[in-house]
There are 2 protein chains.
Amino acid sequence: MATDRNGLQTRIERMCMERGLKMTGQRRVIARVLSEAHDHPDVEELYRRAAALDGRISVATVYRTVRLLEENGILERRDFGGGRARYEATEEGDHYHLIDVESGQVVEFTHAAHAELLRQITASLGFELVSHRLELFARKLPDVAQEQTDHTVQTEQKGGSRP
Amino acid sequence: MATDRNGLQTRIERMCMERGLKMTGQRRVIARVLSEAHDHPDVEELYRRAAALDGRISVATVYRTVRLLEENGILERRDFGGGRARYEATEEGDHYHLIDVESGQVVEFTHAAHAELLRQITASLGFELVSHRLELFARKLPDVAQEQTDHTVQTEQKGGSRP
DNA sequence: ATATATGCAAACCCTTTGCGAAATT
DNA sequence: AATTTCGCAAAGGGTTTGCATATAT
């Protein structure tokens, strides 16, 4: 039964097997990279990390795997501007992204009321909300002590982009 | 002084001249096409419409012009999914887009409170909002009589796409 | 007259794909 | 053993660009 070289299954590998996906060595490595990623890597970066673990992986396979996982609801594709798609594991809690226009840093935040608000707007237009996209492009303010709100803050160091 | 064949300046042509942009024949045609467009055409569509008016226009010029106008705040680039950028003239009133996932139809709506809400969220994260992106992907509901809200509704027939 | 814009076609970038070889169930 | 996946390199689709020519100011 598929386990990695440490005898441990990553969360994403488990999800793959639950869906009956064939687990090849490459997929296991990519699954591990994704499970350990706490940022929003693009394909090239995933490839770099995967290749560092295994070497026998091609970019084509990363593209194919990423697509497969997205189709299976395991991964989510994001577009933060900049031409390339970026990926993150599907999480339970909906969250949004703020992109620092200067550094490219991505900050995740939640806003529980938002989804409901969008659902209402959609309904008032005679539609049923299927999905939505919300990205904030912002610039860091001089560091004034901030009050803590209900927003979850999570910081990430990553490449630049423009709206 | 630059006028089109009818002796009339389009709104966008006027904006170009205000910004001191050199007005070539091609730009005038593209400006006219954009001024008359009430939808969100992609470059290929703009090219088609421009070529219908003039013929001596290349796609490269449309790309260059569209980029120039965007850099000058005259045009706004949109991404409704589907790989190609789509454009619309910069308007005073901020509005958002709902894309019908089945027909590709784009519905514009306004939501005054939204921008302010996003500004607050951004501030609470220690940032200053520069710009934002919000798109709703939705499916048309069976036609129940809808109450009219403050949302401005404007309908458009246009090519498909997927979130 | 000078600087800028255009057309054309080649180049680019990210992503997808055809094919024979390799690996999984 | 049958089927799916992989690696490679070539192809695709949207967008950009180098260069010689044409055009606006």
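Excluded from the calculations below are hydrogen atoms, water molecules and symmetry mates; all remaining heavy atoms, backbone and side chain alike, are included. In the text below, chain A, chain B and the rest are named by the order of the sequence lines, each starting its count at 1.
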Handout entry: Qualifying residues under side-chain hydrogen bond (donor to acceptor under 3.5 Å, both in side chains), relative to B/T90, sequence neighbours excluded
Key = none
Practice task
For A/K140, check side-chain hydrogen bond (donor to acceptor under 3.5 Å, both in side chains) against everything at least two apart and list the hits.
Solution key: A/Q105
Exercise for the section: Let me know the distance between CG of B/D42 and P of D/dT15, rounded to the nearest Å. Expected result: 8 Å
Exercise for the section: Could you check how far CD1 of B/I30 sits from P of C/dA5, rounded to whole Å? Expected result: 12 Å
Practice task
Using salt bridge (charged side-chain N to carboxylate O under 4.0 Å, His left out) as the criterion, list what pairs up with B/E116, not counting sequence neighbours.
Solution key: B/R119
Problem - Side-chain donor-acceptor pair present, A/H40, A/E108, cut-off under 3.5 Å - result: yes
Problem - Heavy-atom protein contacts under 4.0 Å, nucleotides 1-13 of chain D, coded B base, S sugar-phosphate only, - none - result: --BSSBBB-----
Practice task
Would you please name every residue forming a side-chain hydrogen bond (donor to acceptor under 3.5 Å, both in side chains) with A/E91, sequence neighbours left out?
Solution key: none
Practice task
Give the rounded distance in Å between these two atoms: OH of B/Y87 and P of D/dG14.
Solution key: 13 Å
Handout entry: Residue-phosphate contact under 4.0 Å: A/Y63 side-chain N/O, C/dT15 OP1/OP2
Key = yes
Exercise for the section: Starting from P on D/dG14, measure out to OH on B/Y47 and report it in whole angstrom. Expected result: 15 Å
Exercise for the section: May I have the distance from B/M23 (atom CE) to D/dT25 (atom C1'), rounded to whole angstrom? Expected result: 13 Å
Problem - Listed partners of A/R14 passing side-chain hydrogen bond (donor to acceptor under 3.5 Å, both in side chains), at least two apart - result: none
Exercise for the section: Using whole Å, report how far CZ of B/F80 lies from P of D/dG14. Expected result: 17 Å
Problem - Rounded distance in Å - CD (B/E71) to P (C/dT4) - result: 15 Å
